[in-house]
Protein chains: 2
Amino acid sequence: MTQQRIQVAVDIVVFTVQEQALKLLLIQRGIAPFKGRYALPGGFVLAKETLEQAAFRELFEETGTTDVYLEQLYTFGDPDRDPRSRVVTVAYYALVPTDKSPLLAGTDAAAAGWYPVLALPSLAFDHGKIVEYAVDRLRNKLEYTNVGFQLLPSKFTLSALQDLHEAILGKELDKRNFRRKVLGLGLVKPSKEMQATGRKPAQLFSFRHTT
Amino acid sequence: MTQQRIQVAVDIVVFTVQEQALKLLLIQRGIAPFKGRYALPGGFVLAKETLEQAAFRELFEETGTTDVYLEQLYTFGDPDRDPRSRVVTVAYYALVPTDKSPLLAGTDAAAAGWYPVLALPSLAFDHGKIVEYAVDRLRNKLEYTNVGFQLLPSKFTLSALQDLHEAILGKELDKRNFRRKVLGLGLVKPSKEMQATGRKPAQLFSFRHTT
DNA sequence: CCAAAAGTGTTAGGAGTACACCCATGG
DNA sequence: CCATGGGTGTACTCCTAACACTTTTGG
């Protein structure tokens with residue numbers, strides 16, 4: 001019994017934060033099927049690359065950045081998820097820091113953009129399901145790890161970090177409890193610098209690299 | 001740029017518990033590469049089945065059981081993980097209840113068997129890595145869900161449940177705290193029956209289905 | 001009667017949550 | 001001087017973890 005041809009792709013849910021909202025990268029499709037609909041960036045895996053390398057490559061082609069956190073999410077392989085042929089896609093999610101979320105002046109610039117997770121257009125293929133899965137994972141991960149830092153510039157205020165958590169979790173957090181917890185975990189270290197953004201200047205912190 | 005042929009397989013880490021030890025199903029390979037080495041059950045995905053169906057099918061072919069918990073684990077796709085050709089494998093793990101872990105009188109019976117996780121032989125391909133990943137996941141899952149029940153017969157004593165947890169986590173648990181927690185979570189309901197196994201008879205419980 | 005597993009409460013420490021006011025600055 | 005966001009402490013609850021003895025049965 002020989003195996004029918006199955007193609008292997010990667011799709012990436014690229015998150016960033018802009019204007020206190022969690023957003024992700026979508027590309028408007030220029031060709032059928034789903035012409036004109038929005039889809040996740042992605043593409044086929046090449047012969048000599050790992051799955052992760054394929055994801056990084058696609059990500060770089062779309063955004064120009066390489067400094068991102070990337071993690072495998074789940075593999076979607078229903079026989080009819082792509083109407084053209086059988087495609088199994090390994091989904092990844094990526095976190096790109098606010099100050100590096102590019103404006104995409106590259107190749108497909110016109111067709112690509114950041115869309116707030118809370119107001120997404122309807123997506124091509126099963127990409128809606130993939131996004132849902134990714135948002136869930138990100139929320140869970142945030143509860144018990146430090147992934148959040150991957151979305152901020154290297155120096156940030158605690159208020160910015162809190163805004164980020166609130167944007168991702170979709171709920172408000174108590175300022176004092178949040179600060180105590182973050183500082184108590186020791187994942188963050190204070191810098192001498194201040195940021196004069198609001199009224200009263202705020203202290204800047206940086207992520208303490210522990211590995 | 002066309003994509004080179006990539007094959008898609010599923011591999012399954014099938015867990016069970018026998019004699020208070022966590023074990024998994026391995027099959028001794030009859031052909032090269034890795035002839036004579038042990039490997040996880042698995043095989044190629046067919047044209048018209050989902051990934052999960054493929055995993056269930058393979059599992060049934062090896063064990064004859066269908067009454068199992070099955071969950072996707074991770075997808076492994078390094079270009080050289082199979083020396084013959086490029087194979088991307090979607091790994092699943094399965095939990096089969098103690099009283100249903102079959103003795104494998106089927107086709108490849110001679111070559112298949114249950115091996116304790118704590119004393120595994122060296123495995124073919126990257127299956128060692130897959131197993132490691134599966135054990136980690138199972139341990140994590142156990143901490144905050146009820147997967148444990150999937151490994152026990154429908155009626156069980158609390159001591160059996162505790163032994164199971166200890167076998168998976170690899171550490172001893174306090175009896176009183178364990179019982180309080182399990183009962184407090186309300187995931188388990190007492191039955192009227194008693195089991196006369198040890199010295200003093202023990203009360204039997206069953207998993208409370210909540211979905 | 002003895003070995004072996006079943007069963008049962010209390011206490012102390014840590015984590016999470018709720019809650020309100022003063023401070024520094026720019027306009 | 002006032003509006004805006006920055007910054008701080010305390011009390012209560014709940015979960016976790018540590019810890020030892022009595023009960024029931026089979027042999």
Side-chain angles (χ1 to χ4, degrees), chain A residues 17-21 98 139-146 148 152-153 155-207, chain B residues 17-21 98 139-146 148 152-153 155-207:
Chain A
V17 170
Q18 290 175 347
E19 295 136 25
Q20 269 113 328
T98 306
R139 283 186 182 149
N140 273 326
K141 201 95 185 175
L142 199 64
E143 303 274 7
Y144 64 97
T145 66
N146 43 356
L152 291 174
K155 304 253 170 165
F156 51 85
T157 65
L158 291 186
S159 293
L161 182 60
Q162 183 175 348
D163 286 345
L164 169 74
H165 279 242
E166 290 178 346
I168 295 176
L169 297 176
K171 66 180 179 191
E172 303 213 328
L173 301 171
D174 180 86
K175 202 189 339 181
R176 282 165 293 189
N177 293 336
F178 181 80
R179 295 165 99 91
R180 180 177 31 246
K181 182 170 178 182
V182 169
L183 293 173
L185 286 175
L187 298 171
V188 97
K189 67 167 173 270
S191 80
K192 299 263 159 61
E193 298 165 61
M194 292 295 199
Q195 187 177 67
T197 170
R199 296 309 185 130
K200 177 169 173 177
Q203 187 168 21
L204 288 167
F205 291 78
S206 62
F207 171 42
Chain B
V17 170
Q18 290 176 346
E19 294 136 25
Q20 269 114 330
T98 306
R139 283 186 182 151
N140 273 325
K141 201 96 185 173
L142 199 64
E143 302 273 7
Y144 65 97
T145 65
N146 42 357
L152 291 174
K155 304 251 173 170
F156 51 85
T157 65
L158 292 186
S159 293
L161 182 59
Q162 181 175 350
D163 285 345
L164 169 73
H165 279 243
E166 290 178 346
I168 295 176
L169 298 176
K171 65 179 180 194
E172 302 214 327
L173 301 171
D174 181 87
K175 200 187 342 178
R176 283 165 291 187
N177 293 336
F178 181 80
R179 294 166 100 91
R180 181 176 29 245
K181 184 171 177 181
V182 168
L183 294 173
L185 287 175
L187 298 172
V188 97
K189 67 167 175 269
S191 79
K192 299 262 159 62
E193 298 165 61
M194 293 294 198
Q195 187 177 68
T197 170
R199 297 308 184 128
K200 179 170 174 177
Q203 187 167 20
L204 287 168
F205 290 77
S206 63
F207 172 40

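Note that these values count all heavy atoms, side chains included, but never hydrogens, waters or copies made by symmetry. Just so it is clear: chains get the letters A, B, ... in the order the sequence lines come, proteins before strands, and each one is counted from 1.
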Requested in this report: Grab the two heavy atoms, one from A/Leu164 and one from A/Val17, that are nearest each other, plus how far apart they are.
Outcome: CD1-CG2, 3.0 Å
Requested in this report: Between B/Asn177 and A/Ala202, just flag the one whose closest nucleotide in DNA chain D comes earlier from the 5' side.
Outcome: A/Ala202
Report summary line: Residues of residues 159-176 of chain B with a heavy atom under 4.0 Å from any atom of DNA chain D, listed by number, are B/Asp174, B/Arg176
Query raised in the report: When the distance from CD of B/Gln20 to C1' of C/dA5 is rounded to whole Å, what number comes out?
Result: 12 Å
Query - For atom CZ of A/Arg179 and atom P of C/dT17, their distance in whole Å - result: 17 Å
Report task. Look only at the side chain of A/Gln20 and the backbone of A/Ala167, and say whether a donor-acceptor pair between them is shorter than 3.5 Å. Result -> no
Query raised in the report: What are the two closest heavy atoms between B/Lys181 and B/Glu143, and how far apart are they?
Result: NZ-O, 4.4 Å
Query raised in the report: For the pair made of CD in B/Gln195 and P in C/dA4, what is the distance, rounded to whole Å?
Result: 19 Å
Query - d(CE, B/Met194; C1', C/dA5) in whole Å - result: 14 Å
Report task. Can you see which heavy atom on B/Gln162 is nearest to which on B/Asp174, and at what distance? Result -> NE2-C, 4.0 Å
Query raised in the report: Is the backbone of B/Leu173 close enough, under 3.5 Å, to the side chain of B/Glu166 for a donor and an acceptor to pair up by distance?
Result: yes
Report task. For residues 161-185 of chain B, pull every pair meeting ring-ring contact (aromatic ring centres under 6.0 Å, His included), keeping only residues two or more places apart or in separate chains. Result -> B/His165-B/Phe178
Query raised in the report: With distance as the sole test, does B/Gln203 use its side chain to make a donor-acceptor pair with the main-chain N or O of B/Ser191 at under 3.5 Å?
Result: yes
What N/O pairs connect the protein and nucleotides 23-25 of chain D at under 3.5 Å? Give each pair on its own line.
{"from": "D/dT23", "atom 1": "O2", "to": "B/Lys200", "atom 2": "NZ", "distance (Å)": "3.3"}

**Report entry** Between D/dG7 (P) and A/Leu183 (CG): distance, integer Å
**Finding:** 10 Å
Atom pairs under 3.5 Å, N or O on each side, protein against nucleotides 13-16 of chain C: can you list them with distances?
none

Query raised in the report: Below 4.5 Å, heavy atoms only, C-beta onward: do B/Leu187 and B/Val182 meet side chain to side chain?
Result: no
Query raised in the report: At their closest point, which heavy atom of A/Thr157 faces which heavy atom of A/Ala202, and how far apart are they?
Result: CG2-CB, 3.8 Å
Query - Shortest non-hydrogen contact between B/Ile168 and B/Arg139, atoms and distance - result: O-NE, 2.7 Å
**Report entry** Heavy-atom pair of closest approach, residues B/Phe207 and B/Phe156
**Finding:** N-CE2, 3.8 Å
**Report entry** A/Ser206: partners by side-chain contact (heavy atoms from CB on, under 4.5 Å), with sequence neighbours left out
**Finding:** A/Lys189
Query raised in the report: So what does the secondary structure string of DNA chain D come out as, 5' to 3', with Watson-Crick or wobble pairs under 3.5 angstrom, [ ] for crossing and | for pairs with another strand?
Result: |||||||||||||||||||||||||||
